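For reference, the structure is listed below as structure tokens.
These numbers come from a predicted model, not from an experiment.
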2 protein chains.
Amino acid sequence: MARDTRSGKAPTSRDVAALAGVAQSTVSYVINGRQVAPETRARVEEAMRKLRYQPNAGARTLRTSKTNVIALVVHLGPEDDAVETVPYIDTVIAEARRHDYDVILSTLHEGPEGLIRLARRSICDGFLLMDVQEYDERVITASDLDLPVVLVGRPVEARGLDVVDFDTRKTAHLLVDELAATGHRHVAVHDEPPGNAGVYRFLDDFYTGLRERADRHGMELSIIPLEDDSWNSIAQTADPLLDHCHDRLGIIARTPRITQSIVQLLQSRGLVPGEDVSLVSRCTDEMATSFPRPLTNVSPQPRKLTTLAMQFLFDRLAGSEEPARLQLVEPESVTRRATTVNYTRRS
Amino acid sequence: MARDTRSGKAPTSRDVAALAGVAQSTVSYVINGRQVAPETRARVEEAMRKLRYQPNAGARTLRTSKTNVIALVVHLGPEDDAVETVPYIDTVIAEARRHDYDVILSTLHEGPEGLIRLARRSICDGFLLMDVQEYDERVITASDLDLPVVLVGRPVEARGLDVVDFDTRKTAHLLVDELAATGHRHVAVHDEPPGNAGVYRFLDDFYTGLRERADRHGMELSIIPLEDDSWNSIAQTADPLLDHCHDRLGIIARTPRITQSIVQLLQSRGLVPGEDVSLVSRCTDEMATSFPRPLTNVSPQPRKLTTLAMQFLFDRLAGSEEPARLQLVEPESVTRRATTVNYTRRS
DNA sequence: TTGAAAGCGCTAACAC
DNA sequence: GTGTTAGCGCTTTCAA
């Protein structure tokens, strides 16, 4: 009856107990779903509502050593294809909230000490590390933490941590198969800029996948070197790229940025993708359909990847002691749109 | 000497005290920078290092009612121009860490109850609400929270909260002035899709700014209706857009998406921006320079906006009781690149 | 089914 | 300059 509407001080479970005429422990029982007489429960809930009571997170954590927070460690630099990061983050938060967790977002600026800080101060219960490279200093640090950690991206040595990643080899298969099925004879793709070599496992896998399927179908595969992914660099590759244009060429674009540039490159040469040459891209369906000529594409399915990663993490948070898992997320299929030429019909 | 390297249990300040042969309070003094004899301090720091001690955040919060966490509430839907969101988030985290704060990221999915939960459970010390609309249900909720809140975006009624926003009116001025200075006679711009009307204050301001300066310079201003910002809708506006193409037309693009589309539209019509027609855009410098023909642009300066917002928030967190502030972030200037035609030189 | 009481790890008033 | 101690708000034995 005292501190009812007086603001500036949040009500405690003691206040609720007093108002409901029960002991503090009873309030706790109600909150945590222990068996309580229906009539008592009603009185307590009424009191909680009246005081707009919410349990203090710090006190809870202190008592239970559970923070109900997970830390999401991402790379947000301007240089990257940061566009793709947003759906990941969105999905992580949605999944976390479904399990009554909040998400602390951390960038790499702080380095591995950041992980130690978050873990040893008991700020979070677990980690989701995104954009994990083959040799990633965070992995060693994270595996020493004694907390659940899931990696998105494959390090050479996962040190007993769960890993999820895109199955880009399969993606490459689908893309080349699509071109083979529609009667193409040449496949052209831009290589990674030099700096990227051996950084992310899914990059190597992609090119491996291309080679495998080009070989199987007896197609010629041109991998065109690239200095960086700026427009200028890509524009300079126009001639090697379009060399085979009149001999059933299919161009494969691995990133949004490259896709973008190739579309413009073709346009500037007066070439229409889907008529003069084929263009197939690894990008989301949203992006594929945002072009004047909707692109034939394979979606990497970022939301599926993230959901799986969160599943792994919550399994661990629930106490799972299974051996570490490594799972790749396969793309569903190719969606054929306006940029595929079907040579099997023409000839 | 007991629980030295034994893992699974984080060391406490009591362990540190024992190892250093001092009282627990002395450890606290060292951590919190109270005066301590240099020699004692050294022993304590040595012990902390040896145990790799980090103070438990929950216990600290419980004692001090300070979480050292701020909540960032953003809109991450796929529909939006989410690209622009990443630099905001990155800056928020960097600024927060500079002040020894962590950032909890929250989306709108949860609605205003999410704010109440974060505040009343003492999960965070303050809020940064992004993408605030003119009538935004979060504002009332947030202003009742008794915690520091900064809004990015102007509601009709700010209810005593600090507000920062882009000065898009000024942006519009700069863009039209650039076209006037280079001898243009017509200005064309796409209107907002119907759904956007009256949602964000900075939208109205932008068109107001355009009108003001077009009037002043005696230029004709065409605002072209748009159903939505898909490629198809924009493509359909080609004719009205290019009507005045041969009478010194300058096109203004307000968003990345529209900019993108217009570039492609011009290209498909065989028009070169910077020769046949001018194109000036409100977009970041990074984006402006990513096109084959670098765009004349005005940068909205997302990082500057965010830094200011964080400044406001930390002022409040430090206890400032000043009257609520409203501050707009002006763009620096127009950067003239390849897409401006200079008619004052030609005629 | 409910209550009394201890204690999670820390900070800060107070005593020495 | 350092130690003693109380208590932040919660959960959880243990007892009734």
Open item on the list: If you take any heavy atom closer than 4.0 Å to DNA chain C, which residues from residues 21-33 of chain A end up in contact?
Closed with: A/Val22, A/Ala23, A/Ser25, A/Thr26, A/Tyr29
Open item on the list: Any side-chain N or O of B/Ser13 below 4.0 angstrom from OP1/OP2 of C/dC10?
Closed with: yes
Task: B/Arg60 vs C/dT11: side-chain N/O to OP1/OP2 distance below 4.0 Å - done: yes
What is the distance from [atom1] of [X] to [atom2] of [N], rounded to the nearest Å?
X: B/Arg14; N: D/dT5; atom1: CZ; atom2: P; result: 13 Å
X: B/Leu51; N: C/dG9; atom1: CG; atom2: C1'; result: 15 Å
X: A/Arg43; N: C/dT1; atom1: CZ; atom2: C1'; result: 12 Å
X: B/Leu62; N: C/dC10; atom1: CG; atom2: C1'; result: 8 Å
X: A/Arg120; N: C/dG9; atom1: CZ; atom2: C1'; result: 15 Å
X: B/Gln54; N: C/dG9; atom1: CD; atom2: P; result: 15 Å
X: A/Asn56; N: D/dT11; atom1: CG; atom2: P; result: 10 Å

TODO: Check every strand shown and say whether A/Thr61 touches a base, only sugar-phosphate, or nothing at a heavy-atom separation below 4.0 Å.
DONE: nothing
TODO: Sorted by first residue and then second, give each salt bridge (Lys or Arg N to Asp or Glu O under 4.0 Å) pair with at least one member in residues 105-114 of chain B; sequence neighbours left out.
DONE: A/Arg97-B/Glu110, B/Glu110-B/Arg117
TODO: Flag the pair A/Val103 / A/Ile89 as yes when at least one side-chain heavy-atom distance between them is below 4.5 Å, and no otherwise.
DONE: no
Please tell me which of the listed nucleotides, [options], lies nearest to the side chain of [X]?
X: B/Tyr53; options: C/dT2, D/dT12, C/dC10; value: C/dC10
X: A/Ala59; options: D/dG9, D/dT2, D/dT12; value: D/dG9
X: B/Arg63; options: D/dT12, D/dC10, C/dG9; value: C/dG9

- [ ] Not counting sequence neighbours, which residues clear side chain to side chain contact (heavy atoms under 4.5 Å, CB included) with A/Ser25? List them please.
- [x] A/Ala23, A/Tyr29
TODO: For B/His75 and B/Thr85, work out which heavy atoms get closest and say how close.
DONE: O-OG1, 4.4 Å
Open item on the list: Within a 6.0 Å radius of atom CD1 on B/Ile140, are there more than 12 heavy atoms belonging to other residues, nucleotides or ligands?
Closed with: no
- [ ] For B/Thr64 and for B/Glu39, locate the closest nucleotide of DNA chain D by heavy-atom distance; then report the residue assigned to the nucleotide nearer the 5' terminus.
- [x] B/Glu39
- [ ] Scan B/Val149, B/Leu108, B/Val152 and name whichever one has a side-chain contact (heavy atoms from CB on, under 4.5 Å) with B/Val73.
- [x] B/Leu108
Task: 5' precedence on DNA chain C between A/Arg41 and B/Pro55 (nearest-nucleotide basis) - done: A/Arg41
Open item on the list: Need to verify one output field. Residue with the more 5' nearest nucleotide on DNA chain C, B/Arg34 or B/Gly58?
Closed with: B/Gly58
Task: Test item: side-chain donor near acceptor, B/His99 and B/Asn68, under 3.5 Å - done: no
